[in-house]
Amino acid sequence: MEFRVLGPLTVSTENLHIPLGGPRRRIMLATLLLNVGRVVSTDRLSAAIWGQHPPATARNQVAICVSGLRREFVAAGVAHDPIVTASSGYLLRLGDDDRFDVKEVEEALRQARTARTAGDLEKASEQLSEALSLWRGDPLTGVEGELVRAESERLGEWRLAILEEFFEVELELSHDLQILGELVGLVAEYPLRERLRGLLMLAQSRAGRRAEALATYQEGYRLSIERLGLEPGSELADLHEAILRGETGQRQGRFVMEHAAPEAAPAVPAQLPPDVNGFVARDAEIERLDTLLDRKCQAGQPFIAVITGMGGVGKSGLAVHWSHRVAARFPDGQLFVDLNGYSETGPPSSPFDVLDTLLRALNVTRQHPPTTLEERAALFRTVLAGRRLLLVLDNARDSSQVRPLLPGAPGCAVIVTSRDQLSGLITLEGATPLRLDVLPPDQGVDVLACIAGEQRVHADPEGARQLSELCGGLVLALRVAAARLAVRPSWTSADLVARLTDESRRLDELSQGEVDLRTKFILSYRDLSAQAAIMFRRLALLDVTEFGPWLGAALLEVDPERAQDLIEQLVDAQLLELAQPWPGGQARYRFHDLLRLYARERALIEESEQERNAALRRALGCWLALVEAAHARLLGGDYAVLHGPAERRRLPFAMIDRMMPDPIEWFEAERPHLLAEIGQAAALGFSALCWDLTMTSATFFELRSYYDDWRSTHELALAAARRDGDVRGEAAMIYGLGSLELFRQRYDEADNLLREAVRMFEQQGEEHGRALALRNLALLDRIAGRFDLALARYEQAGETLRALGDHAAGAHVTASTAQVLLEKGAYGEAEPLLRAAVSAFEEIGYQRGLAQALYRFGEVLLRTQRVDAARQTLEKALETVRELRDVVGESYVLRVLGETYAQQGRTEGAERALLTSRQIAQRVGEQFVVGVTSLALGNLHFETGNATSSRNNLTLASKVFEELGARIWHARALEALAATEAMLHNDQGAHELWARAAALLAEDEGR
């Protein structure tokens, strides 16, 4: 097939023009051709077709366009499918016999420049003429779309650059008269293009038309002042002076003054390394570089881009690949220098030596070279003045190494790669930073497929994705892994996954032959200061994915400000990454997975076990202090919790205030890291830290119904306490597990565990723990209808808790005692207790406890017929639990609020509140609330005469209470169901239900 874009877009075979269909297909094919051999994401294709507002069906329509193009290719008898589907989009791959006019131009240019360098000007002219002949008009004529138009303008600019290069060669061949006419026309068409005007002036001067040459300059001067407000550039002005002096020479291709020119005719350097084999992804970064280049060129500003990122992320690959894409826009050549900034072979290259290399590449070989850095830099800028040249400075150490190498003229472009942030270039030189991150898993799979083979990788897509994830999206690691597959045909992706899963050998597996991943990390690590190196090693000891600088302070025993400075040094060295800020705007950091493994290796080699464990104890002690602070801010003090003897590392109060303006949000954000650290404390045998962290976190687990977290952490801590013979910690964890079973409505298991906790606390004389466990046993008594026993246990617990100053737990006991009295119908006795509980919770600032007390107080008001007051109180409680995002509390409050609305005759509002309450309770597994809301709904429908719905709800309530063993509530549901059956004229069924209810009540009285 033959693809053409340098004119109208066409595709043809030897004898057939292939129809491309409508505008969408044409835009898509054009976009793929302009990125030939590279994956174009579906999003970018959508943007090319529809702009910034693609339809919701864009992805499907893109796929339809691809399918349509493939049908046309098949119909034309094309043997292979040039459009390849990748995980993130599509790429167009040319076959061996396929032709593409852009590639043919590139090849002709390459041959022309090679011939010109060798002195074969005739061949250079022929090849440049061949390249120009491939244009058939304006590029991509008839193809719409903003992105395609931008590419069309770029290709048009490329043609002009090639024309200028052609005229330079013609001038070197002394074809002055032959090119005059065409140059006159081009200057008229592009009057502000100084390079064309200079070539016309030089041709006119050499053809003996000196006056015309001077007039051409004056006309350019006038237009530049009128339209741009600027005088012509120094190159054109220097040429004007040379013409006045008659110094334009006879065979000089460059239109600069003889005394400022290099001593020999300059070669056109083409030093770019070969393009990266199998380069994929980085679409956004390439598009950003393209856009930046266009913008800077149009504005006449210098182009300096700085690509930064960790070692092995693909900085050099992107720089080289992009440079090949745009090389044609720099007809004066492309220079490439490895600055050796991070190298195992020697120190960073000095700018003085690099400038010598660059000047020699430009054929500047003076007998007396400049002897100072400033003089060499000035000469380099002079030689580049007026040229359009691309300079790639790879592997820079710092800004001071790069700054002397920068051209002074805006026509040149510079792209720098470095592990350093090069902030000096950004601040002082206006460089644009471009930070490379690791590849997402799907693009990592594309890298594997390009090297190991698509068929092989796609035969096991899940294994390939796991392999991509184990490589952490690091381009170098992916390429090593793909190469290992490529040279081992018997291996599958799953085979290599199995080898990489073992963290202790992953770096070994990815450091093979000449490409040693570990060496990439060593080059960054070896230059750290002593303290920064320790920080790097010790941060990797933690089993957390992200962390704040406070953890570094604990690990090194330094203040938080110093810790953050050291961590920022690691960020600058690309050994750590910035993560999203946490609540309060605090900075967060993270490791790349492979760097974490390397850092842990260094810690095991360079630090003793005693040093590592001491650092981890300090970090976990800091965790414990923060969890205690969050717990205290939630409950209004350090209440309702037991603590062990583990040493804390406390942070300044002002810092804690910034970190956790909302303790619940702080806990939510830190929850996965807290779980990891509890597990790490257990694994290290730090039992006191482990169970203290666990118990102090339980309040948050309860609030958000994280029952799995509650159980897993308590079981880990219980096992750790038992291993260490820590009886107090063992009892605390048994109490916590009993409380969990209570909240999960597994009442028999809860009763056994809580009784065991009381026994163990009594043996140790642990009064606080005993009181907390008794409080929860009393709740079990209340649910089972053992009201007198519940009141007795609450009285014992309350006395101890108040004596110990546990105001939150004491107020909770007061409110719970009132709840028992409320359920016994003793509303007058319950009310003053609830008022006292409300006051206590308000005083200490425990909002969740306040909401619970208000909810119960609202129920007292409802039962004593103060319905409006009940509604106001309950709506205040509802507002509080919703602010706390306490969904369990919300379900409880909505249940009583629904009953309140029913009392007010607001049937629809009552039903809505009760149904919402039950839906929430079913979602979070709060079966007791499912039962009481079903009972309330049954009673509501009974009152409105909807006997069938009443029966359904009451039957559900009866079943739930029976499963929970809540006899009093079960009896109430049976009595209500009996009344409903009587309404339905099922007298026998009603009598049986009343009998069952009476038997339950009698059984409960006998207990």
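What you see is a predicted model; the values in this text were computed from it and never measured.
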State whether the side chain of [X] and the backbone N or O of [Y] hold a donor-acceptor pair below 3.5 Å, judged by distance alone.
X      : Y      : answer
Thr880 : Lys876 : yes
Arg650 : Gly621 : no
Arg723 : Ala682 : yes
Ser891 : Val888 : yes
Glu741 : Arg746 : no
Gln680 : Asp543 : yes
Glu943 : Asn939 : no
Thr864 : Leu861 : yes
Ser917 : Ala913 : no
Ser950 : Gly938 : yes

Working note: Asp788 + Lys824, criterion salt bridge (Lys or Arg N to Asp or Glu O under 4.0 Å); need CA distance, chi angles, decisive distance, verdict.
CA-CA 10 Å; Asp788 291 341; Lys824 289 183 68 175; 3.4 Å; yes
Please determine whether salt bridge (Lys or Arg N to Asp or Glu O under 4.0 Å) holds for the pair Glu992 and Arg996, giving the CA-CA distance in whole Å, both sets of side-chain angles, and the decisive distance to 0.1 Å.
CA-CA 6 Å; Glu992 290 175 358; Arg996 286 179 60 196; over 6 Å; no
Are [X] and [Y] side-chain neighbours, meaning at least one heavy-atom pair lies under 4.5 Å?
X      : Y      : result
Arg793 : Arg775 : no
Arg658 : Met655 : yes
Asp781 : Phe787 : no
Glu715 : Met733 : no
Glu879 : Val893 : no
Tyr794 : Leu779 : yes
Tyr735 : Asn776 : yes
Ile844 : Leu635 : no

If you take all heavy atoms of [X] and [Y], which pair is closest and at what distance?
X      : Y      : value
Leu642 : Met695 : N-SD, 3.5 Å
Ala947 : Leu984 : CB-CD2, 3.4 Å
Leu940 : Ala910 : CD2-CB, 4.1 Å
Leu777 : Arg755 : CD2-CG, 4.1 Å
Pro645 : Ala688 : CD-CB, 4.0 Å
Ala797 : Val813 : CB-CG2, 4.4 Å

Separation of [Y] [atom2] from [X] [atom1] (nearest 0.5 Å):
X      : Y       : atom1 : atom2 : result
Phe961 : Leu956  : CZ    : CG    : 9.0 Å
Arg972 : Leu977  : CZ    : CG    : 16.0 Å
His643 : His631  : NE2   : NE2   : 6.5 Å
His970 : Leu1001 : NE2   : CG    : 10.5 Å
Cys690 : Asp724  : SG    : CG    : 10.0 Å
Thr699 : Arg848  : OG1   : CZ    : 8.5 Å

Check the pair Glu899 / Arg863 against salt bridge (Lys or Arg N to Asp or Glu O under 4.0 Å), numbers first and verdict last.
CA-CA 10 Å; Glu899 294 183 18; Arg863 305 305 176 213; 2.8 Å; yes
Apply side chain to side chain donor-acceptor pair (under 3.5 Å) to residues Gln988 and His991 and explain how you reach the verdict.
CA-CA 5 Å; Gln988 182 177 351; His991 283 298; over 6 Å; no
Do [X] and [Y] sit within salt-bridge range, that is, some charged N less than 4.0 Å from a carboxylate O?
X      : Y      : answer
Arg617 : Glu647 : no
Arg633 : Asp638 : no
Glu766 : Arg770 : no
Glu831 : Arg856 : no

In sequence, state the C-alpha distance, the side-chain angles, and the governing distance for Glu963 and Gln745, and then conclude on side chain to side chain donor-acceptor pair (under 3.5 Å).
CA-CA 10 Å; Glu963 291 175 351; Gln745 287 102 42; over 6 Å; no
Glu749, CD: over 12 other non-hydrogen atoms inside 6.0 angstrom
yes
Please determine whether the number of non-hydrogen atoms from other residues, nucleotides or ligands lying under 6.0 Å from atom CD of Glu843 exceeds 12.
no
Which class fits the ring pair [X] and [Y]: parallel under 30°, tilted 30 to 60°, perpendicular over 60°?
X      : Y      : result
Trp666 : Trp623 : tilted
Tyr706 : Phe667 : tilted
Phe743 : Trp710 : tilted

Ser839 vs Arg835, side-chain contact (heavy atoms from CB on, under 4.5 Å): CA-CA, chis, key distance, verdict
CA-CA 6 Å; Ser839 296; Arg835 290 185 184 277; 5.6 Å; no
Do Arg918 and Ser934 have a side chain donor and acceptor closer than 3.5 Å?
yes
Does one side chain, of Asn986 or Arg951, offer a donor that lies under 3.5 Å from an acceptor on the other?
no
Does the ring of Tyr901 carry Arg906 above it, NZ/CZ under 6.0 angstrom from centre and within 45° of its axis?
yes
Show the numbers, then the answer: is there a salt bridge (Lys or Arg N to Asp or Glu O under 4.0 Å) between Glu756 and Arg759?
CA-CA 5 Å; Glu756 175 64 12; Arg759 183 190 67 78; 2.4 Å; yes
Set out, in order, the CA-CA distance, both residues' side-chain angles and the distance that settles side-chain contact (heavy atoms from CB on, under 4.5 Å) for Leu801 and Tyr639, then state yes or no.
CA-CA 10 Å; Leu801 293 168; Tyr639 303 134; over 6 Å; no
Chi angles and distances behind the side-chain contact (heavy atoms from CB on, under 4.5 Å) call for Glu890, Asp886
CA-CA 6 Å; Glu890 184 178 358; Asp886 177 6; over 6 Å; no
Give the intermediate values and the outcome of side-chain contact (heavy atoms from CB on, under 4.5 Å) for residues Leu874 and Leu854.
CA-CA 7 Å; Leu874 290 165; Leu854 287 172; over 6 Å; no
